[in-house]
Amino acid sequence: MKIFNTLSRKVEKFEPINPPSVGIYTCGPTVYSRAHIGNLRTFVSTDILKRILNFLGYKVSHVMNITDVDDKIIKESKGEKNKQKEITQKYEKLFFDDLKELNIEMPEKTPRATENIQKMVDMIKNMVQKGYAYKTEDGIYFSIQKSKNYGELAGLKNVSGTKIRIKNDKYEKDNPQDFALWKFYDKEDGQIYWDTEIGKGRPGWHIECSAMSTKCLGESFDIHTGGTDLIFPHHTNEIAQSEAVSGERFVKYWVHGGFLNIKENPSAEAEKMSKSIGNVITLDSLKEKNINPLAYRYLTLTSHYRSEMNFSWEALIGAQSALEKLFDFYNEFGKNIGKADKKYVSEFKKLLEDDLAMPEAVALVWKLVKDDSVENEDKKATLLEFDKIFAFGLDKLKKEEIPQEIRKLASERELARKNKEWEKADQIRKKIEILGYELKDTKNGFELKSVK
Ligand SMILES: [Zn+2]
């Protein structure tokens with residue numbers, strides 16, 4: 001198996017520290033708002049990586065943290081402890097529901113930051129003792145000058161000259177700074193603080209991940225994943241803190257997923273999907289348009305995980321039709337399940353091992369479906385084998401009552417309505433009626449019913 005390592009900027013041979021065990025840590029959500037489909041793309045990629053490693057015979061233990069205390073959460077809950085709990089529990093649940101809808105396997109462990117404060121305090125104490133960290137009037141800071149190779153992951157140069165400090169968890173790559181490990185109590189924090197040996201206050205965001213990853217996977221582990229936006233400062237700082245404490249290499253392979261850009265309509269420019277720009281789409285917005293979340297899973301697999309992906313509703317509707325066509329083929333191949341085709345499975349495996357070549361793996365599905373030299377029942381068995389990675393849910397498939405053609409028309413009408421093309425939307429609705437189906441608009445999108 002080969003995988004791209006952000007640290008070396010090369011595709012490397014994957015050799016775990018203690019085979020066949022593989023430890024993976026993923027930066028989980030900050031639970032104060034709904035995850036958007038750009039965030040979810042990264043979690044699909046990690047799910048694919050994990051399924052591939054299990055498929056290849058490794059034994060993966062996967063840890064994903066829940067950030068339930070940070071600057072944004074405190075602001076959102078106005079320093080009220082009850083409110084903090086209410087907000088974080090609500091969004092944690094919604095996030096786990098999203099994972100389920102996308103057939104993403106739950107990690108073995110999902111530690112919460114607020115339940116691991118002592119480990120963070122211990123690490124900070126250790127860094128102060130060794131001279132990596134120092135105390136100021138508003139917090140305890142990490143001195144990046146003391147760190148060997150600070151910024152290597154992000155490719156930073158000339159880090160040593162800096163002596164500026166930053167308390168915020170996020171800052172720009174052009175300006176590496178000493179960052180807060182522990183933030184002393186400020187009255188804006190309200191009831192949200194911990195009384196500890198290093199003072200009354202709360203942790204910085206970066207130390208949360210260093211603490212939870214090493215607590216669950218050991219001081220040195222195999223794979224750390226996240227979106228490319230986390231390379232700096234978050235992952236850069238995770239490395240600095242963790243290696244300062246342990247004196248060992250923190251992570252062997254850094255695996256980062258590309259951004260999702262959105263094109264709101266065919267003539268618009270593609271821009272990054274982000275909460276701050278206000279162009280986010282959630283799984284709910286998909287379901288409102290009667291789009292199966294798994295169509296989004298399919299769509300993400302048609303781009304390589306490292307490339308930026310341009311999202312458009314047209315592309316998503318295309319992915320939904322492709323997925324439904326696959327479901328139809330699978331059903332039409334009959335009831336019997338034969339033997340997986342060795343040639344196809346070996347070709348598939350080769351693609352998985354080649355830095356997760358999923359677009360090519362998706363293309364292989366269609367090559368198989370159309371290959372007359374393979375028996376239908378063997379095609380079914382092979383598709384089921386592929387689906388261990390794709391996880392489109394072929395094994396749970398029941399025959400849908402509404403034909404694909406009708407569902408496609410309904411999605412097209414929804415798109416026309418979104419683009420305010422009322423006449424076109426009306427025409428499509430009439431067509432659906434002529435074909436014997438009724439379309440009803442509801443507050444959650446639309447419903448289709450046969451009127452025969
Ligand atoms: Zn993290």
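One-based numbering, in listed order, for ligands and for the atoms of each.
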A.B. asks: Below 2.8 Å of the Zn ion (ligand 1), tally up the protein N/O/S atoms for me.
C.D. replies: 3
A.B. asks: Side chains of D178 and Y134: donor-acceptor distance under 3.5 Å anywhere?
C.D. replies: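 Short answer, yes.
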A.B. asks: Does the Lys NZ or Arg CZ of K289 fall within the cation-pi geometry relative to W313 - under 6.0 Å from the ring centre and within 45° of the axis?
C.D. replies: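 That pair qualifies as a cation-pi contact.
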A.B. asks: Would you mind writing out the side-chain donor-acceptor pairs for residues 357-367 within the sub-3.5 Å range, not counting sequence neighbours?
C.D. replies:
| unit_1 | atom_1 | unit_2 | atom_2 | d |
| --- | --- | --- | --- | --- |
| W366 | NE1 | Y298 | OH | 2.9 |

A.B. asks: Starting at NZ of K2, measure out to CG of D354 and round the result to the nearest 0.5 Å.
C.D. replies: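 Between K2 NZ and D354 CG, I get 5.0 Å after rounding to 0.5 Å.
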A.B. asks: Could you tell me whether the side chains of H256 and T225 share a donor-acceptor contact shorter than 3.5 Å?
C.D. replies: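 Their side chains do not contain a donor-acceptor pair, so the 3.5 Å distance test is not met.
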A.B. asks: For F4, is the NZ or CZ atom of R306 found under 6.0 angstrom from the centre of its six-membered ring and inside 45 degrees of the ring axis?
C.D. replies: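 Yes, a cation-pi geometry.
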